[in-house]
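Indexing begins at 1, ligand by ligand and atom by atom, following the structure's order.
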Amino acid sequence: MISISELHKSYVTGLNSLHVLKGINLTIEEGEMVSIMGSSGSGKSTLLNVIGLLDAYDTGKYHLNGTLMENMSETKAAWYRNQMIGFVFQSFNLIAFKNAMENVALPLYYQKVGRRKRNKIAMEYLEKVGLADWAHHTPNELSGGQKQRIAIARALISKPKVILADEPTGALDTHTSYEVMELFKEINNAGITVIIVTHEKDISERTKRIIHLKDGLIEKEYKTKLNLSYA
Ligand code: ADP
Ligand code: MG
């Protein structure tokens, strides 16, 4: 599903260039649930943004679903993102003045699905994340865990093949974090590939494979116990 070889990326600001990804080689199969672990500044978000076609890379190769992702126009990148990818962020990125149902329905709004239909589908996804009763509440009336569930429902509504989550539990307490990880596990059990960036060991241990990033390189990777129990 995701195949990356000798991938490099630098950020250039003015005369300065910061080499962030220094030759990444990585394969993630369809249906996997992996975490990308590493300390702050190791390049995790940069790698996830490249995988999610939010940012371009400099050299190397990135194949998504067998297609080489290069020289992308923003239109084409947006098309692949809509077809393939759901995003979840640490800060939820919900729209404050829209209620839970409308937030979940938002991707369908951009796909020009009519209001009645998109709200009906949004309700089905709210049901899936256990929040149907909260449909008419705005984000400021919801707990952190509930907000993240809303964000996950919003990511799922366009039926992505892969979910990319950048520190999705970073703003949550431990108990709520584990509940959100359980939800990701259910999503993965339904066949969706899940990639989670985290700097927390206990979160990464709730995925099936851990990829350790250090200073822009993969330092090591291994399968977890969770993987064995599913084998
Ligand atoms: P992580 O997610 O592992 O904390 P990042 O991928 O966000 O790491 O960042 C890696 C390095 O790249 C850091 O030194 C960061 O400051 C730098 N960086 C990230 N984004 C940008 C950007 N848009 N412009 C310049 N430097 C950036
Ligand atoms: Mg980051």
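Residue-level proximity to ligand 1 for Val20 is carried by the side chain, the only part with a heavy atom below 4.0 angstrom. Looking at Leu47 against ligand 1, nothing comes within 4.0 Å, counting heavy atoms.
Taking the centre of each ring, Tyr222 and His212 come in below the 6.0 Å mark.
Judged purely by distance below 3.5 Å, without hydrogens or angles, the side chains of Lys76 and Asn71 never pair a donor atom with an acceptor atom. Side chains of Thr67 and Asn65: no donor on one and acceptor on the other come within 3.5 Å. For Ser5 and Tyr62, the side-chain atoms include no donor-acceptor pair closer than 3.5 Å.
Taking a cut-off of under 4.0 Å to the non-hydrogen atoms of Ser39, the atoms of ligand 1 that pass are 3 (O). Close contacts of ligand 1 with Ser40, meaning ligand atoms under 4.0 Å from a residue heavy atom, involve 4 (O). Per-residue contacts place Ser42 under 4.0 angstrom from the following atoms of ligand 1 (heavy atoms of the residue considered): 3 (O), 8 (O).
From the protein, the heavy atom lying nearest to atom 16 (O) of ligand 1 is Leu18 CD2, 4.6 Å. Annotation: atom 27 (C) of ligand 1 to nearest protein heavy atom, Tyr11 CD1, 3.3 Å.
Taking all heavy atoms of Gly216, Gly43, Ser45 into account, the minimum distance to atom 2 (O) of ligand 1 is reached by Ser45. The closest heavy-atom contact to atom 6 (O) of ligand 1, among the options Asp166, Thr46, Asp215, Asn16, comes from Thr46.
One finds a salt bridge joining Glu221 and Arg209 here, because a Lys/Arg side-chain nitrogen approaches an Asp/Glu carboxylate oxygen to under 4.0 Å. The pair Asp166-Lys44 fails the salt-bridge criterion, with no side-chain N (NZ, NE, NH1 or NH2) lying under 4.0 Å from an Asp/Glu carboxylate O.
Taking any N or O of Gly41, backbone or side chain, at least one lies under 3.5 Å from an N or O belonging to ligand 1. When only interatomic distances are considered, the shortest N/O to N/O separation between Thr13 and ligand 1 does not fall below 3.5 Å.
Proximity of Lys185 to Met181: side-chain heavy atoms (C-beta onward) are nowhere separated by under 4.5 Å. Thr224 is listed as a side-chain neighbour of Ile210, based on a closest heavy-atom distance under 4.5 Å.
Residue side and main chain included, Thr46 places no N/O/S atom under 2.8 Å of the Mg ion (ligand 2).
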